[in-house]
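By convention here, the first residue in the shown sequence is residue 1.
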Amino acid sequence: MPHEKDLLVLLLIVISVLVWFFFLVRKWFKTAMRSNIPLHEASEPKGKAISILERYGYDVIAGKLVVPIQINMDGADFSSRFYIDYIATKDNKDYIVLLAKHRQEINWKAGSSIRDHFFNYAILYDKIEGIIYVDLSNNTIKKIIFQW
């Protein structure tokens, strides 16, 4: 009987360590897949969008930023890039800011359309809270936050 209780306690400890290890590896993997925002590579912020963002309480901390991406498909190498218009902050949270491009129609009532246009930006950096989409023609913004 006393050995059964010891075995049960040992089993609970092993399960607890395994669960803790799983969450630790998961957190490390998420962090390893993304990097910190290279603000030193960004240009000086300028443009009409800055006043719109400030009106909504955001501080623009960086201007245009180009994020290069290397792709290998079946042994062939490709290059691409993401263009970020600004990085802004509010309440100690960082946001990627994208300016509206009217040639790209977004269906704001379909989650799949919003995902297709913005999700790639949301996972670029681990410190990003979300995306701010600025429509210069209407002087409005939309805040997009993905949760997974």
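Note on I144: it clusters hydrophobically with Y121, by side-chain heavy-atom contacts below 4.5 Å among ILVMFWY residues. Transitive grouping of hydrophobic side chains (ILVMFWY, heavy atoms separated by less than 4.5 Å) keeps I145 and I123 in distinct clusters. In the hydrophobic clustering of ILVMFWY residues, with side-chain heavy atoms under 4.5 Å counting as a link, I61 and I141 come out apart. Residues W20 and L12 fall into different hydrophobic clusters, defined by Ile, Leu, Val, Met, Phe, Trp and Tyr side chains chained together at heavy-atom separations under 4.5 Å. Under the 4.5 Å side-chain heavy-atom criterion for grouping Ile, Leu, Val, Met, Phe, Trp and Tyr, L8 is not connected to V17 through any hydrophobic cluster.
Looking only at side-chain heavy atoms (C-beta outward), N139 and Y56 stay at 4.5 Å or farther from each other. Between I132 and L53 there is a side-chain heavy-atom pair separated by less than 4.5 Å. Using a 4.5 Å cut-off on side-chain heavy atoms (C-beta onward), I71 and D77 make no contact. Counting only heavy atoms from C-beta outward, the side chains of H102 and D135 approach each other to under 4.5 Å. Between R81 and V66 there is a side-chain heavy-atom pair separated by less than 4.5 Å. Looking at T89 and Y95, their side chains never come closer than 4.5 Å, going by heavy atoms from C-beta outward. Side-chain contact between I52 and I50: absent, with no pair of heavy atoms (C-beta onward) separated by less than 4.5 Å. In this structure, I96 and I87 have side chains that are in contact, with non-hydrogen atoms separated by less than 4.5 Å.
The two residues Y86 and G47 come nearest to each other via the heavy atoms OH-CA, 3.8 Å. S113 approaches H117 most closely through the heavy-atom pair O-ND1, 2.8 Å. Closest of all the heavy-atom pairs between K143 and Y58 is CD-OH, 3.5 Å. Looking at every heavy atom in both residues, K90 comes nearest to G57 through CG-O, 3.5 Å. Nearest approach of F146 to A122, heavy atoms of both residues: CD1-CB, 3.5 Å.
Between the OG atom in S137 and the CG atom in L99 there is a gap of 11.0 Å [rounded to 0.5 Å]. Atoms CG and CD1, on L124 and I128 in that order, are 8.0 Å from each other to the nearest 0.5 Å. Atoms CG and CD, from L98 and Q104 in turn, are 9.5 Å apart once rounded to the nearest 0.5 Å.
The pair D85-K64 meets the salt-bridge criterion, with a side-chain N (NZ, NE, NH1 or NH2) lying under 4.0 Å from an Asp/Glu carboxylate O.
No cation-pi contact links K142 to Y133, judged by a cut-off of 6.0 Å to the six-membered ring centre and 45° from its axis.
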For I84 and V67, run side chain to side chain contact (heavy atoms under 4.5 Å, CB included): C-alpha distance rounded to whole Å, both residues' side-chain angles, the deciding distance at 0.1 Å, then the answer. CA-CA 8 Å; I84 296 172; V67 182; 3.9 Å; yes

Criterion side chain to side chain contact (heavy atoms under 4.5 Å, CB included) on I114 and D116, from CA distance to verdict: CA-CA 6 Å; I114 296 166; D116 290 347; over 6 Å; no

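Between the side chain of N107 and the main chain of K109, a donor-acceptor pair closer than 3.5 Å is present.
More than 12 heavy-atom neighbours from other residues, nucleotides or ligands sit within 6.0 angstrom of NZ on K101. Atom NZ of K46 sits in a sparse spot, with 12 or fewer heavy atoms from other residues, nucleotides or ligands closer than 6.0 Å.
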